[in-house]
Asks: 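Have a look at this one before I ask anything.
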Protein chains: 2
Amino acid sequence: MRFEALTIKDIAKALGLSTSTVSRALRDSYEISPETKKLVLEYAEKNNYHPNPIALSLKERRSRSIGVIVCEIANSFFSQTINGIESIAYNNGYNVIISQSRESFDREIINLQYLTSRSIDGLIISVSTETRDFSFLKELHEKGMPIVFFDRIVDEIETHKVIVDNYKSAYDATVHLVKNGYQHIAAVSNAAYLSITKERLAGYRAALADNGMAVNEDLVKHCHHGGMILVEVEEAVNELLQAPEKPDAILTTSDKLTTGCFRILKSKGITVPAEMGLVGFSNSDLTELLDPPLTIIKQPAFEMGEIATNLLLQLIESKRPVKEFETRVLASELITRGSTVAKKTKTPA
Amino acid sequence: MRFEALTIKDIAKALGLSTSTVSRALRDSYEISPETKKLVLEYAEKNNYHPNPIALSLKERRSRSIGVIVCEIANSFFSQTINGIESIAYNNGYNVIISQSRESFDREIINLQYLTSRSIDGLIISVSTETRDFSFLKELHEKGMPIVFFDRIVDEIETHKVIVDNYKSAYDATVHLVKNGYQHIAAVSNAAYLSITKERLAGYRAALADNGMAVNEDLVKHCHHGGMILVEVEEAVNELLQAPEKPDAILTTSDKLTTGCFRILKSKGITVPAEMGLVGFSNSDLTELLDPPLTIIKQPAFEMGEIATNLLLQLIESKRPVKEFETRVLASELITRGSTVAKKTKTPA
DNA sequence: ATCGTTACCGGGAACGATTGCGTAAATAAA
DNA sequence: TTTATTTACGCAATCGTTCCCGGTAACGAT
């Protein structure tokens, strides 16, 4: 069952005017007399008229809605980003339609097809951990769909992108570990081909090298489901513990991996930070309350969502095809807490 | 700029048929010859035809999208619920359009107006903590908009609702505190008029009464922003600590309040569970890793989202006005952990 | 030869809105 | 008074789709 909304036609009939006149009166056209305008406007106001957005969409060939694809909503980083996206979209009269890939490539494609068939005006996406084939996205982009990437971006596609300085973030976090006396620093990261993985591990490796420490590839682990499956993280940690050169600290490169590693270490009775230092990317506001409080790399997720949306709207509302694209690189924040105060130094209370 | 999609008209022109024939062929109508069907279908397939959903919406007077209003996406309970909503909506070919009220009544109304003007087919909502006036929702409902409430429901409006057994949940949690030797149990809750507040506090009070403990209203605090503002929680805790009868345990009635209280207690150096027991509603998966691990009441958020969506779709797709409404009451889960092992009993390792 | 059926297909009106164009009346200019 | 201009409005096309009406063949039955 549906409730019938008032249409322009109803107003026209009620007032003995044509629909064109009503339409023009509502849009305050110069060719309508003030009296008629007043009449129409008052009637519309009184009867709570709202233009049918679907009819408008059909006419204007735009839906005023943007699609968002993330791997998971219930993840602090992504939900904070969506928060930012929603706030900007909202202020500009756009809807936000959300889909989850759940880290599955197939599902990402289906979502993509679905969203585009629902005629969204633009897309904001952080690709799934499985996504190695970008042909669908590329095709979409070439057809003219405005796309903005954030977090896990796609180098092959030229468009606006929003990320943090992944290299520097990981570099600084690794240096922080080194400064705190850790000698054998491992990394637990996502799939190797992901942009964030490449950049973050590059920072990690550079930091080690710059501090005269050898990079031991045995100490770099990849979780192909990005920590969605805890067992995967457990295996990674187990392998690290059995490595010839057992690490004394771990750098994790995403939210789920950080809390996942912490969870595993705790369950194994490995003390943090004494036996194992831990620093990782995380946007959860509860890491501070953990035991020990976690040293984290926090991304400006909300702001990233805002920027991505502004860039997308710019793309959507541009009259001519945009050729100049920018990659916004934001600074992350290294919040040092208990999980990395170890070895040599002890922070004074 | 837009990319032009293939329309039924294009197919008709290319194949020398009328649009009606093409339309019918695509919908496998009996009055189209097998040959023509094959021709059309193959052409459509080859050129990747997709019916324009906006045109369909206009014709069918439905948008195949549902609106969701929650106070905040970046909240574990709500993001998990949205997860459930999205999964069911997705499987039924519906979009999910999300808005946040940020616990503000005004913003909730604006979102409501916006969503309905965008012609959603139905609405799933958990009202904001400020919402006392339901006339807008009521009017919407009377106009025929399918609505399903979850979590913070509205008694005055007769429609489907999805909640947990708030009374029992709070009752059991309180009894748990009593059993663990706590004598003076306080409650930190949301605004008094919220459904969840009333039900949960009723359970709390009943549990105290049933165990021969007096209900001291000084020990019941209300946070009118639902814990969104930490200061508010801090004030509540301060008042509790200065109460004539100082409490030795706190029951918190929502996610933000639980972690908020914990944060405040920790910052004040009040040890949990020794000086103060703590149990609260929470859906965060990190509470287990806190120090001490938190005893929580966990709601089946994902499932709640699923059920709410199924009920809504049922409402939307019903041929005649639905008169029989149900309130699904789900069981919550009391997960006992360190934050409530106190006084008398000590759990053996 | 005429009629009724069946099988196929097209015309055109919706759905709700915008907008280019035409035009009547009123006013101004010649 | 005649002509030009302005004012104020309506007609109809358009967006992409569906679906109610037709309509026209071909064919068998009378």
Side-chain angles (χ1 to χ4, degrees), chain A residues 1-41 43-44 47-65 93 116-121 144, chain B residues 1-41 43-44 47-65 93 116-121 144:
Chain A
M1 67 148 306
R2 281 265 57 72
F3 64 108
E4 307 298 333
L6 188 71
T7 76
I8 220 169
K9 219 177 277 184
D10 300 327
I11 302 181
K13 198 181 292 173
L15 264 40
L17 294 167
S18 78
T19 58
S20 7
T21 304
V22 175
S23 170
R24 271 185 270 251
L26 289 169
R27 322 202 98 241
D28 201 30
S29 163
Y30 67 95
E31 42 184 353
I32 302 297
S33 72
E35 302 85 58
T36 311
K37 269 183 198 169
K38 188 154 172 282
L39 195 70
V40 173
L41 252 39
Y43 187 91
N47 297 77
N48 197 31
Y49 167 80
H50 286 289
N52 184 322
I54 293 182
L56 282 176
S57 293
L58 184 58
K59 189 116 234 296
E60 295 174 4
R61 290 137 157 272
R62 64 201 310 241
S63 58
R64 284 203 154 263
S65 58
T116 53
S117 87
R118 299 286 299 192
S119 51
I120 50 170
D121 291 344
Chain B
M1 67 148 307
R2 282 262 56 73
F3 63 108
E4 307 298 334
L6 188 71
T7 77
I8 220 168
K9 220 177 275 183
D10 300 326
I11 302 181
K13 199 182 291 173
L15 264 40
L17 294 167
S18 76
T19 58
S20 356
T21 305
V22 175
S23 171
R24 269 184 276 251
L26 290 169
R27 324 201 99 242
D28 200 29
S29 162
Y30 68 96
E31 39 184 356
I32 302 296
S33 72
E35 302 85 57
T36 310
K37 270 184 199 169
K38 189 155 171 280
L39 195 69
V40 172
L41 252 39
Y43 187 90
N47 297 77
N48 198 29
Y49 167 79
H50 287 287
N52 183 320
I54 294 183
L56 280 176
S57 293
L58 184 59
K59 215 124 232 246
E60 295 174 3
R61 291 137 157 270
R62 63 200 310 240
S63 59
R64 283 202 156 265
S65 58
T116 52
S117 86
R118 299 284 301 191
S119 53
I120 51 170
D121 290 345

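In what follows, chains carry the letters A, B, and so on, assigned in the order in which the sequence lines appear, proteins first and then strands, with residues in each chain numbered from 1. These numbers come from a predicted model, not from an experiment.
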Asks: Indicate whether OP1 or OP2 belonging to C/dC9 is found under 4.0 Å from a side-chain N or O atom of B/T36.
Replies: yes

Asks: Could you check whether any side-chain N or O of B/D121 sits under 3.5 Å from a backbone N or O of B/R62, counting only pairs where one atom can act as donor and the other as acceptor?
Replies: no

Asks: Can you tell me how far C1' of C/dT18 sits from CG of B/L58, to the nearest Å?
Replies: 13 Å

Asks: Between B/I54 (CD1) and D/dT18 (P), how many Å, whole number?
Replies: 14 Å

Asks: When you compare the side chain of B/N48 with that of B/L6, does any pair of heavy atoms fall below 4.5 Å?
Replies: no

Asks: Between B/L15 and B/V22, is there a side-chain heavy-atom distance shorter than 4.5 Å?
Replies: no

Asks: Roughly how many Å is it from CD in B/E60 to P in D/dG16, rounded to a whole number?
Replies: 17 Å

Asks: May I ask you to list the residues of residues 12-26 of chain B, by number, that have any heavy atom positioned under 4.0 Å from an atom of DNA chain D?
Replies: B/S20, B/S23, B/R24

Asks: Please figure out whether A/I8 or B/S33 has its closest DNA chain C nucleotide nearer the 5' end.
Replies: B/S33

Asks: Distance check needed: C/dG10 P versus B/K9 NZ, whole Å only.
Replies: 15 Å

Asks: When you measure from the side-chain N and O atoms of A/Y49 to the phosphate of C/dA17, is any distance below 4.0 Å, counting only OP1 and OP2?
Replies: yes

Asks: Would you check if A/S29 and A/R27 make a side-chain contact, meaning some heavy-atom pair closer than 4.5 Å?
Replies: no

Asks: Let me know the distance between CD1 of A/I32 and P of C/dT19, rounded to the nearest Å.
Replies: 13 Å

Asks: I want to check something: taking the side chain as every heavy atom from C-beta on, are B/I54 and A/S63 in contact at a cut-off of under 4.5 Å?
Replies: yes

Asks: Under a 3.5 Å cutoff, is there a donor and acceptor pairing between the side chains of B/S20 and B/S23?
Replies: no

Asks: Hey, which of these two, B/P51 or A/E31, hits DNA chain D nearer its 5' end, going by closest nucleotide?
Replies: A/E31

Asks: What is the separation between atom CD on B/E35 and atom P on C/dC8, rounded to the nearest whole Å?
Replies: 7 Å

Asks: Taking atom OG1 of A/T19 and atom CZ of A/R24, what is their separation to the nearest 0.5 Å?
Replies: 9.0 Å

Asks: Quick one: A/R62 CZ to C/dA17 C1', roughly how many Å, whole number?
Replies: 15 Å

Asks: Side chain of B/A55, heavy atoms from C-beta onward: which of D/dC19, C/dC8, D/dG16 has the nearest atom to it?
Replies: D/dG16

Asks: What's the CG-C1' distance between A/D10 and C/dA17, to the nearest Å?
Replies: 13 Å

Asks: Less than 4.0 angstrom between a side-chain N/O of B/Y30 and OP1 or OP2 of C/dC9, yes or no?
Replies: no

